[in-house]
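Worksheet for the structure shown next.
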Number of protein chains: 2
Amino acid sequence: MNTTPHPRSTRDRPAKPPLSRDAVVDAALALLKSEGLDAVTMRRVAAALDTGPASLYVYVAGREGLLQAIQDRIIATIELEEPDRLRWRGQLHTLLDRMYRALVAHPGIAATTMTEPPSMDATLHLLENILGLLLAGGLEPQDAAWAADIFALLVSYAAMEADARRTNPREQADELYQRFTSLSPETFPLVTAYATQLVAGDSEERFHVAIDMVVDGMIARATRR
Amino acid sequence: MNTTPHPRSTRDRPAKPPLSRDAVVDAALALLKSEGLDAVTMRRVAAALDTGPASLYVYVAGREGLLQAIQDRIIATIELEEPDRLRWRGQLHTLLDRMYRALVAHPGIAATTMTEPPSMDATLHLLENILGLLLAGGLEPQDAAWAADIFALLVSYAAMEADARRTNPREQADELYQRFTSLSPETFPLVTAYATQLVAGDSEERFHVAIDMVVDGMIARATRR
DNA sequence: GAGCTGGACGTACGCTGTTCGTGACGAACA
DNA sequence: TGTTCGTCACGAACAGCGTACGTCCAGCTC
């Protein structure tokens, strides 16, 4: 047997499981869930996989591509609704609420969904489902198509607000209320008078009201034709 | 006369105007307008002022504080509307359109407005004006308070989309249409069927429709009470 | 065996925001 | 006048960041 005592290569491959796209995304997702978006750096992900950051570029198109893969993973966990003409509105709320919760369970990811055109599989399935619900409700196709964008936006925003609240629980609304009520009533008669309304509702409540406003608006538009 | 040839101090103050908060924000704003948000780094701003980045921290609370100051500057340029009970709806569109244009004129800034609670002067004046218009329209105060948030969100989003389009003019909608129409009609019957509607409209058109949907929804809710 | 290919990844580049310590200097005081 | 104190200015350094580039090596094919 040849037992030459030469230095062990730092690229000792058989000692580590081979990387894969799934492994990379899994590691990133775990970091996201436990430490939030800022922890999802190429170095941190690579360290979690016992490798170096340059190794990841085979599997993901940079950090941007990694974040997209994570988003799609998260969206893929959302249970869809079978459109029902009689219940579509409640179903829409349910579906968007699930999306909201999926985002909130991953601190910080909501902000990365904001400008993503729907192009990956899970996101497209979600879009298809939203369209299905809106059309089941008899809404105009053009309005439905545009509203899908708006609903996605509302979800992302609500999740971002929930993220901000997590960092600063309860303190934010209080500070804001203080700010509003300490303004000059001469200069800001409405803001001071309606300070309570301006800070009312948690992000979920505001979120569901926002959905309703958009839906009610679409119904009014459809009724008008 | 004493002409001792000793090394000239690098802190030759009389040769430079003293820094000020306005000077810092002005320099940052100029960089933002000409090169977009990514150029607004502490080093770039400092270089524009012929100093070092550490000098800026006397005037702004880090980059975050600098961005907030910039936002407020931009918002302060927006001409407000005197609320008129008969024209409030058109006025709202006009006001939000001005906001949209102000953001679009500063590439990338829209994304930084997304999670900012309204706390600086110009932003508060804008909020006061939006509330004024909505209440002039006879809408419910609680709905008006919540809708102000939604309108701000819609503006930011539209501006962000315009920013993205600037980077990728026309190409994005085409790619998306291609993507949608090349999907399996079995799996995505609606997305494929309504691909045209999904990519229709530029960011301004979609923006104004979104405003209308929210407004129509609020009117329906007010009518229902 | 030789050559090729693609995965693995170390090294280095060019940046980022921020902190800390020090110098310069004006105002106030004794 | 000399000294003290507070504030501005800012260099140096810290602790990162994403990524490009070049090298190594295992596995495969001929």
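Values below: all heavy atoms of this structure, side chains included; hydrogens, waters and symmetry mates excluded.
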Salt bridge check: are B:Arg21 and B:Asp26 linked by an N-O gap of less than 4.0 Å? no
Taking a pair to mean Watson-Crick or G-U wobble geometry with both distances below 3.5 Å, C:dA30 pairs with D:dT1
Any salt bridge linking A:Arg165 with A:Asp202? Criterion: basic side-chain nitrogen under 4.0 Å from a carboxylate oxygen. no
So, B:Arg206 and B:Asp212, do they make that salt bridge, N to O below 4.0 Å? no
Hey, are B:Ser156 and B:Tyr100 close enough side-chain-wise for a donor-acceptor pair under 3.5 Å? no
Is there a donor-acceptor contact under 3.5 Å from the side chain of B:Tyr194 to the main chain of A:Ala145? no
Got a sec? Which of residues 23-34 of chain B come in under 4.0 Å of DNA chain C, heavy atoms? none
Any carboxylate oxygen within less than 4.0 angstrom of a Lys/Arg side-chain nitrogen, looking at A:Arg101 and A:Glu204? yes
Compare side-chain N and O positions of B:Ser55 against OP1 and OP2 of D:dC10 and report whether any pair is under 4.0 Å apart. yes
If you compare every side-chain N and O of A:Thr51 against the phosphate oxygens of C:dC9 (OP1, OP2), does one of them come in below 4.0 Å? yes
Taking atom types as modelled, find out whether B:Thr112 and B:Gln71 have a side-chain donor-acceptor pair closer than 3.5 angstrom. yes
Strictly below 4.0 Å, heavy-atom distances to any atom of DNA chain D: list the hits from residues 56-67 of chain B, or just say none. B:Val58, B:Tyr59
Within this structure, what is the CG-to-P distance between B:Leu19 and C:dA24, rounded to whole angstrom? 18 Å
Give a yes-or-no answer on whether the side chains of B:Thr94 and B:Glu81 include a donor-acceptor pair shorter than 3.5 Å. no
Could you give the distance from CG (A:Leu127) to OG1 (A:Thr123), rounded to the nearest 0.5 Å? 9.0 Å
B:Asp38 and B:Arg44 ion-paired at < 4.0 Å: no
For DNA chain D, determine which residues of residues 40-48 of chain A have any heavy atom closer than 4.0 angstrom to one of its atoms, and list them numerically. A:Thr41, A:Met42, A:Arg43
How close or far is atom C1' of C:dT16 from atom CG of A:Asp38, stated in whole angstroms? 14 Å
Nucleotide D:dG11, atom P - distance to CG of B:Asp50 in whole Å: 10 Å
With a 4.5 Å heavy-atom cut-off, do B:His125 and A:Phe188 have their side chains touching? yes
